[in-house]
Undergrad: 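The structure under discussion is supplied below as structure tokens; questions concerning it will follow.
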Amino acid sequence: MTRHFPPPSLDDAAHRSLLVEAARCWRNARDTGQSVQPCLYKILASHNCEMLAPVFDSLMHLCEDALGRAVATGEDAALSGDEHLLLGLLDGSKPRHACIECAEGAALALDCAICSTRIMMGYTTPYWIGSCWRNTAVE
């Protein structure tokens, strides 16, 4: 049996902010030679979704692999093109096949990471996917 997990609704500024904050944390840790997952854990724990640390780590690695370059991050309120792309990939508004041209292996890996991220976000953040799928553990 196959379950379909719809893309999360990222209309909520808090969810968009969390994703951007995690992406920037990941980029900063990589650029400064820090261990990425402990840095992500600190950021995500404040939102009660620390188990997303390895999920975001994997997503970001595979995104870079598919892009063939480092993911660029913005500053303050200004989002980079890559941050907009990441948000679009996760909310479904930017299908990977239409946005990133890459080798089949990298494409399949990134597609799986996007799906896994959507699933894990639904498990860790209440009402992440709106009325389609609610986190019953917090109700």
Undergrad: Considering all heavy atoms of both residues, which atom of Ala23 and which atom of Thr73 are nearest to each other, and what is their separation?
TA: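 Shortest heavy-atom contact: O-CG2, 3.9 Å.
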Undergrad: Donor-acceptor pairs are to be reported for all side-chain atoms of residues 100-116 against protein atoms at under 3.5 Å, with residues two or more places apart or in another chain.
TA:
| residue | atom | partner | partner atom | Å |
| --- | --- | --- | --- | --- |
| Asp111 | OD1 | Arg96 | NE | 2.9 |
| Asp111 | OD2 | Arg96 | NH2 | 3.1 |
| Ser116 | OG | Cys112 | O | 3.0 |

Undergrad: Who passes side-chain hydrogen bond (donor to acceptor under 3.5 Å, both in side chains) against Asp31, sequence neighbours left out?
TA: Arg27
Undergrad: Which residue is it: Leu89, Thr117, Leu19? I am looking for the one with a side-chain contact (heavy atoms from CB on, under 4.5 Å) to Leu59.
TA: Thr117
Undergrad: Minimum heavy-atom separation for Glu50 to Ala45, with atom names?
TA: OE1-CA, 3.4 Å
Undergrad: Would you say that Phe56 contacts Leu44 through its side chain, given a criterion of any heavy-atom pair below 4.5 Å between the two side chains?
TA: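 Side-chain contact under 4.5 Å: yes.
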Undergrad: If you round to the nearest 0.5 Å, how far is NZ of Lys94 from SG of Cys99?
TA: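 Reported to 0.5 Å precision, the distance equals 6.0 Å.
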Undergrad: Please examine the side chains of Arg30 and Trp26, heavy atoms only from C-beta on, and report whether any two atoms are closer than 4.5 Å.
TA: yes
Undergrad: Can you name the closest pair of heavy atoms from Ala29 and Ser35 and give their distance?
TA: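 Between these two residues, the closest heavy atoms are CB-O, 4.3 Å.
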Undergrad: Are side-chain N/O atoms of Asp65 and His61 paired as donor and acceptor at under 3.5 Å?
TA: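 Absent: no donor and acceptor within the cut-off.
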Undergrad: Mind running side chain to side chain contact (heavy atoms under 4.5 Å, CB included) on Leu79 and Leu87 for me, showing each step along the way?
TA: CA-CA 10 Å; Leu79 299 183; Leu87 292 169; 4.0 Å; yes
Undergrad: Going through the distances and angles, do Val20 and Leu86 end up as a side chain to side chain contact (heavy atoms under 4.5 Å, CB included)?
TA: CA-CA 9 Å; Val20 170; Leu86 183 62; over 6 Å; no
Undergrad: Is Ser46 reaching over with its side chain to a backbone N or O of Ile43, donor-acceptor style, under 3.5 angstrom?
TA: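 Present.
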Undergrad: Between Arg24 and Glu83, does at least one N-O distance fall below 4.0 Å, as a salt bridge requires?
TA: yes
Undergrad: Find the distance between NZ (Lys42) and CG (Leu40) and round it off to the nearest 0.5 Å.
TA: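 Answer for the NZ-CG pair, Lys42 versus Leu40, is 11.0 Å.
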Undergrad: Is a side-chain donor or acceptor of Asp76 paired with a backbone partner of Ala78 at a separation under 3.5 angstrom?
TA: no
Undergrad: Are Tyr41 and Leu18 connected in the hydrophobic side-chain network, where two residues link if heavy atoms are under 4.5 Å apart?
TA: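 No; tracing contacts between hydrophobic side chains, which count when under 4.5 Å, never links both residues.
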Undergrad: Mind checking salt bridge (Lys or Arg N to Asp or Glu O under 4.0 Å) for Asp82 and listing every partner two or more places apart, or none if nothing turns up?
TA: Arg69
